[in-house]
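Each chain gets a letter, A, B and so on, in the order the sequences are listed, and its residues count up from 1.
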Number of protein chains: 2
Amino acid sequence: MYGFNTVSLDQKGRLAIPAKYRASFIQKNETQIVITKDPQYPSLKIYPKSQWLEISSKLESLQGLDPIVRNLQWTILGNASVTEFDPNGRMLVLIPSELRKYAELINEKQISLIGMGNKFEIWNVSNWEMRQTGGSLATEILDVVLPESIKSMSF
Amino acid sequence: MYGFNTVSLDQKGRLAIPAKYRASFIQKNETQIVITKDPQYPSLKIYPKSQWLEISSKLESLQGLDPIVRNLQWTILGNASVTEFDPNGRMLVLIPSELRKYAELINEKQISLIGMGNKFEIWNVSNWEMRQTGGSLATEILDVVLPESIKSMSF
DNA sequence: AGTTGAGTTGGTTTATAAGCCGGATTCTGT
DNA sequence: ACAGAATCCGGCTTATAAACCAACTCAACT
């Protein structure tokens with residue numbers, strides 16, 4: 001579940017999880033994945049269900065009065081979408097249009113899929129290249145001083 | 001697993017791990033290796049699987065909202081690729097083209113393979129010589145102040 | 001010099017991904 | 001409520017890329 005792939009979306013905007021990643025899902029008996037927004041950059045995150053449960057419950061338990069925390073909760077929890085995994089065939093993920101907009105994937109045929117161990121990231125190809133080469137993006141969404149309660153968290 | 005070798009890449013970009021190193025893998029029952037980017041210099045790192053598991057799990061657990069941490073995670077985790085011994089006991093590593101570009105190995109027939117004990121490094125031959133003689137490279141990638149959480153880590 | 005093991009190479013096979021198409025379902029507007 | 005359109009979903013086919021395998025070359029050691 002590491003490494004980077006350029007994957008194409010079909011005409012209908014569906015994303016097929018590459019086989020080498022699928023294997024690791026099957027191995028861990030994961031049958032569902034969750035896709036949601038990344039709070040910091042115009043990109044998406046894909047979690048296996050079990051990982052998602054950890055993260056979402058941590059997030060939910062934070063005190064909801066801090067505006068930054070609420071923003072995080074809205075962004076991450078409010079945009080999550082679950083997809084079933086078919087162990088026999090391939091796994092086709094239909095990315096909700098709101099998320100596609102967010103990650104600047106409208107009309108894109110190719111996307112970058114990056115395996116980060118316990119999660120994946122989905123990027124617009126040129127945004128990802130820009131990131132890799134140290135360039136700066138037009139949009140960096142969450143650019144604030146984080147409260148202590150969040151600093152230690154990893155999403 | 002120490003010492004320096006000049007090794008050739010074949011037309012398909014495959015790298016054959018020299019026998020003397022292979023032996024030490026077999027001795028330790030390592031059947032898989034992981035190749036990824038070095039975050040600091042235009043070079044690649046090869047870890048035996050067990051070593052990789054340590055490093056990657058440490059990296060994944062760091063606070064994921066810090067931009068520098070995310071950069072490190074992207075570079076190291078997002079570019080990792082696993083190879084295992086083939087049935088003949090040979091190990092041909094296909095270096096992904098993105099990594100070849102990164103380490104300036106496009107169109108290079110020869111590379112420098114440096115054994116560092118628990119890992120290997122792969123360098124463009126002339127870059128490595130430059131380093132050895134104290135010269136400076138055109139590209140030094142990670143040029144930032146590291147947060148305390150990372151300073152103590154070794155990759 | 002002959003033998004053995006390592007390195008290198010290229011062709012073959014297999015696995016995978018991407019395009020294509022038809023059918024089903026939902027949505028919308030009248 | 002109905003018709004048309006748009007969206008969604010699954011299977012099939014083709015093209016591509018990676019894994020496999022086997023033969024050849026080179027070098028070292030006896």
Side-chain angles (χ1 to χ4, degrees), chain A residues 1-27 31-33 35 46 81-101 105-115 120 122-125, chain B residues 1 3-27 31-36 46 49 79-101 105-115 120 122 125:
Chain A
M1 204 132 134
Y2 295 97
F4 134 84
N5 263 66
T6 303
V7 182
S8 67
L9 300 176
D10 66 14
Q11 295 168 333
K12 310 300 178 188
R14 290 177 298 182
L15 158 69
I17 304 290
K20 64 171 179 175
Y21 299 132
R22 246 177 16 221
S24 77
F25 279 108
I26 294 171
Q27 202 180 13
T31 61
Q32 294 180 318
I33 61 172
I35 182 169
I46 291 183
S81 140
V82 183
T83 302
E84 274 289 326
F85 179 59
D86 173 13
N88 297 342
R90 50 193 176 172
M91 183 178 216
L92 289 177
V93 181
L94 182 65
I95 305 173
S97 65
E98 167 60 24
L99 298 194
R100 254 196 286 173
K101 248 187 286 172
L105 298 176
I106 304 294
N107 295 328
E108 295 289 327
K109 293 236 170 62
Q110 303 270 98
I111 62 152
S112 292
L113 181 65
I114 302 104
F120 293 100
I122 292 176
W123 284 75
N124 168 306
V125 174
Chain B
M1 220 143 113
F4 161 85
N5 263 63
T6 302
V7 182
S8 63
L9 298 177
D10 66 20
Q11 291 175 335
K12 295 181 184 176
R14 292 177 296 184
L15 158 69
I17 303 291
K20 62 171 179 175
Y21 296 132
R22 246 176 21 218
S24 76
F25 279 109
I26 294 169
Q27 200 179 13
T31 60
Q32 296 182 316
I33 62 171
V34 177
I35 182 168
T36 190
I46 291 183
K49 187 69 179 294
N79 287 289
S81 134
V82 182
T83 305
E84 45 188 80
F85 284 105
D86 69 20
N88 312 338
R90 308 275 166 86
M91 186 175 258
L92 288 176
V93 181
L94 181 64
I95 305 175
S97 65
E98 169 61 26
L99 299 193
R100 291 189 72 172
K101 252 189 283 173
L105 299 176
I106 304 294
N107 295 329
E108 296 289 327
K109 295 242 168 60
Q110 302 276 98
I111 61 153
S112 293
L113 181 66
I114 302 106
F120 293 100
I122 292 175
V125 174

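- B:I33 has its side chain within reach of B:F25: a pair of non-hydrogen atoms, C-beta onward, lies under 4.5 Å apart.
- Taken over five-pair windows at either terminus, the axes of the helix from C:dA1-D:dT30 to C:dG22-D:dC9 are inclined to one another by 10° (rounded to 10 degrees).
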Sugar-phosphate or base contact per nucleotide [nucleotides 2-13 of chain C; S, B, -; heavy atom under 4.0 Å]: ----SBBBBB--
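- In this structure, B:R22 has no salt bridge (charged side-chain N to carboxylate O under 4.0 Å, His left out) partners at least two apart in sequence or on a different chain.
- Counting only distance, with no hydrogens or angles, the side chain of A:N5 and the backbone of A:V7 share no donor-acceptor pair below 3.5 Å.
- We find the OG-CD1 distance between B:S97 and B:I106 to be 7.0 Å, quoted to the nearest 0.5 Å.
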N/O donor to acceptor pairs below 3.5 angstrom from side-chain atoms of residues 108-115 of chain B, sequence neighbours left out:
none

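- A:L105 CG to A:L15 CG: the interatomic distance, rounded to the nearest 0.5 Å, is 9.5 Å.
- Note that the CE atom of B:M91 and the CD atom of B:E84 stand 8.0 Å from one another [nearest 0.5 Å].
- One interatomic measurement links the two molecules: CG of A:L94 to C1' of D:dC8, which rounds to 7 Å at whole-angstrom precision.
- Under the rule for a salt bridge (charged side-chain N to carboxylate O under 4.0 Å, His left out), B:R90 has no partner lying at least two apart in sequence or in another chain.
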So which protein nitrogen or oxygen atoms get under 3.5 Å of nucleotides 25-30 of chain D's nitrogens or oxygens?
none

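- Note that CD1 of A:I17 and OG1 of A:T83 are 8.5 Å apart. Values are rounded to the nearest 0.5 Å.
- Shortest non-hydrogen contact noted between B:R100 and B:N107 is NH2-N, 4.2 Å.
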